[in-house]
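Computed over heavy atoms, backbone and side chain alike; hydrogens, waters and symmetry mates excluded. In this text the structure is predicted, and so the values were computed from the model without any measurement. Here, residue 1 is the first one in the sequence, and each next residue gets the next number. All ligand and atom numbering here is 1-based and tracks the order in the structure.
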Amino acid sequence: MQNTANLPDINLDQPIRFDGKVAIVTGASGGLGRQHALALAARGAKVLVNDFSVAGISSAAESVVAEIRAAGGDAMSNNASVTDAIAMSAMVNQVMAQWGRIDILVNNAGILRDKSFSKMSLEEFKLVLDVHLMGSVYCTKAVWDIMKDQRYGRIVFTTSSSGLYGNFGQSNYGAAKLALVGLMQTLALEGAKYGVHVNCLAPSAATQMTQDLMSDADLALLTPKSVTPAVVYLASQDAPTRTILCAGAGNFAVANITLTQGMFTGDVPTAPEQLRDGIDSLRDRSAEMIPSAGIEQSKIEIQKARAHGMPKRAYA
Ligand SMILES: NC(=O)c1ccc[n+]([C@@H]2O[C@H](COP(=O)([O-])OP(=O)(O)OC[C@H]3O[C@@H](n4cnc5c(N)ncnc54)[C@H](O)[C@@H]3O)[C@@H](O)[C@H]2O)c1
């Protein structure tokens with residue numbers, strides 16, 4: 001059943017276009033990244049298609065570049081691993097030398113090493129963090145000052161429902177993916193006054209990454225193409241900032257990290273018991289809010305303590 005009740009009126013006189021804009025998409029030789037690269041190029045962006053390729057094996061990124069060029073677009077490839085900070089800096093230099101600016105970075109490259117936490121080696125844990133978290137950090141660090149100087153940038157981090165909500169067997173992946181949300185939250189604050197907007201995408205798609213995790217019938221609905229509109233929007237002039245956009249099978253939603261009103265116990269010996277017996281009211285979401293920055297939590301706590309007559313140095 002199609003729910004069209006909450007669809008907005010759209011202004012097709014102003015389609016989202018990227019003419020004159022330059023994008024980098026990592027891990028873009030297949031799956032979601034390829035669709036993101038094709039869609040950005042189809043709307044006018046010049047696109048650097050990155051994907052890791054082992055020396056001596058022909059580059060899959062090059063085939064996406066060929067697709068873009070065949071459709072009349074402009075693209076070039078880069079075969080370095082996002083885990084190589086020096087190579088990511090060189091990739092950004094490659095783009096600047098060729099096109100002179102960078103407007104959009106889609107941090108998409110990723111791997112899985114799923115196992116229950118007991119069976120997972122620390123190397124498997126760290127490898128996944130290196131690719132998803134540090135790979136995104138290296139690419140973002142390499143473009144950050146360029147975007148700040150341009151007074152314009154759009155950065156997308158690819159998070160996951162696994163990080164937002166957990167998934168059995170994905171402690172490494174979930175930790176890496178939620179770390180990207182933390183990175184996004186702060187970079188969105190730091191980038192705001194420079195016109196650099198930073199957001200997260202939480203996709204669901206049938207790709208080589210998910211082919212063993214779901215039934216064929218379910219996977220048939222989860223086309224990568226149905227996720228990509230979220231990236232087109234987050235890469236656009238009108239992109240929001242500090243948003244976690246979830247996308248799959250043509251559904252789009254926003255995930256939030258919220259704070260409930262909670263309760264005030266004061267600095268009393270029975271506070272643990274009050275938490276135990278008041279857990280329902282702690283969890284009550286009726287008046288929850290989204291803090292504008294981490295410091296807001298402390299401000300609210302101080303304000304409430306004062307409202308309850310707590311002395312200024314009660315915890316000294
Ligand atoms: N498919 C899903 O349902 C889903 C759900 C949540 C998040 N994601 C995320 O979306 C992104 C794309 O995933 P996908 O499903 O298209 O998987 P995919 O495996 O098809 O694509 C990932 C791409 O990243 C590349 N890559 C891996 N390591 C790299 C490295 N070190 N340097 C450069 N490229 C590298 C791979 O070669 C591959 O082409 C990933 O970050 C993934 O974690 C996917």
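Between Asn78 and Val49, the closest side-chain pair of non-hydrogen atoms is not below 4.5 Å.
Which parts of ligand 1 touch Ser204 is read off a 4.0 Å heavy-atom cut-off, strictly below it: atoms 3 (O). Close approach of ligand 1 to Gly31 (heavy-atom distance below 4.0 Å) involves ligand atoms 16 (O), 20 (O). Proximity to Ser29 (heavy-atom distance under 4.0 Å) selects the following atoms of ligand 1: 39 (O). Close approach to Ser81 involves these atoms of ligand 1, each under 4.0 Å from a residue heavy atom: 30 (C), 31 (N), 32 (N). For ligand 1, the atoms lying closer than 4.0 Å to a non-hydrogen atom of Thr210 are 1 (N), 2 (C), 3 (O). Close approach of ligand 1 to Asn108 is summarised as follows: ligand atoms under 4.0 Å from at least one heavy atom of the residue are 10 (O), 11 (C), 12 (C), 40 (C), 41 (O).
No side-chain N or O of Thr265 forms a donor-acceptor pair with one of Gln274 less than 3.5 Å apart. Side-chain polar atoms of Gln35 and Thr228 form no donor-acceptor pair below 3.5 angstrom. A donor and an acceptor atom, one from each side chain of Ser77 and Asn50, are nowhere located under 3.5 Å apart. Side-chain contact of Asp284 with Ser286: a donor-acceptor pair under 3.5 Å is present, judged by distance alone. Remark: the Glu273 side chain and the Thr270 side chain contain no N/O donor-acceptor pair separated by less than 3.5 Å. With no hydrogens or angles considered, no side-chain donor-acceptor pair links Gln94 and Gln98 at under 3.5 Å.
Contact annotation: for Thr207 versus ligand 1, heavy atoms closer than 4.0 Å belong to the side chain alone. If you look at Leu32 next to ligand 1, the close heavy atoms, those under 4.0 Å, come from the backbone and the side chain alike. With a 4.0 Å heavy-atom cut-off, ligand 1 is reached by the side chain of Ile111 but not by its N, CA, C or O.
Residue-ligand proximity: Lys177 is placed with a non-hydrogen atom under 4.0 Å from ligand 1. Residue contacts with ligand 1 do not include Gly135, since none of its heavy atoms lies under 4.0 Å from the ligand. For the pair Thr159 and ligand 1, a heavy-atom separation below 4.0 Å is found.
Here the rule is side-chain contact (heavy atoms from CB on, under 4.5 Å) with Asn199, and of Val231, Thr159, Leu245, Leu234 only Leu234 fits it.
Judged by the 6.0 Å and 45° rule, Lys304 forms no cation-pi pair with Phe264. Judged by the 6.0 Å and 45° rule, Lys115 forms no cation-pi pair with Phe125.
Residue, atom and distance of the protein heavy atom nearest to atom 32 (N) of ligand 1 are Val82 N, 3.0 Å. For atom 13 (O) of ligand 1, the closest heavy atom belonging to the protein is Met209 SD, 3.9 Å. Of the protein's non-hydrogen atoms, the one nearest atom 3 (O) of ligand 1 is Ala205 N, 2.8 Å. When hydrogens are left out, the protein atom nearest atom 22 (C) of ligand 1 is Gly110 O, 3.6 Å; that is the closest non-hydrogen contact. Among all protein heavy atoms, the one lying closest to atom 23 (C) of ligand 1 is Gly27 O, 3.4 Å. The protein non-hydrogen atom at the shortest distance from atom 7 (C) of ligand 1 is Tyr173 OH, 3.1 Å. The protein heavy-atom contact nearest to atom 10 (O) of ligand 1 is Thr158 CG2, 3.3 Å. Remark: minimum distance from atom 6 (C) of ligand 1 to any protein heavy atom is reached at Pro203 O, 3.1 Å.
When every heavy atom of Ser281 is checked against every heavy atom of Met263, the shortest pair comes out as OG-SD, 4.0 Å.
For ligand 1, the polar-atom distance check finds an N/O of Gln208 within less than 3.5 Å of one of the ligand's N/O atoms.
Residue Asp51 holds the heavy atom nearest to atom 37 (O) of ligand 1 of all those in Thr26, Val25, Asp51.
Not one N or O on the side chain of Thr186 forms a donor-acceptor pair closer than 3.5 Å with the backbone of Leu183. Looking only at distances, a side-chain donor or acceptor of Asn108 sits under 3.5 Å from a matching main-chain atom of Gly27.
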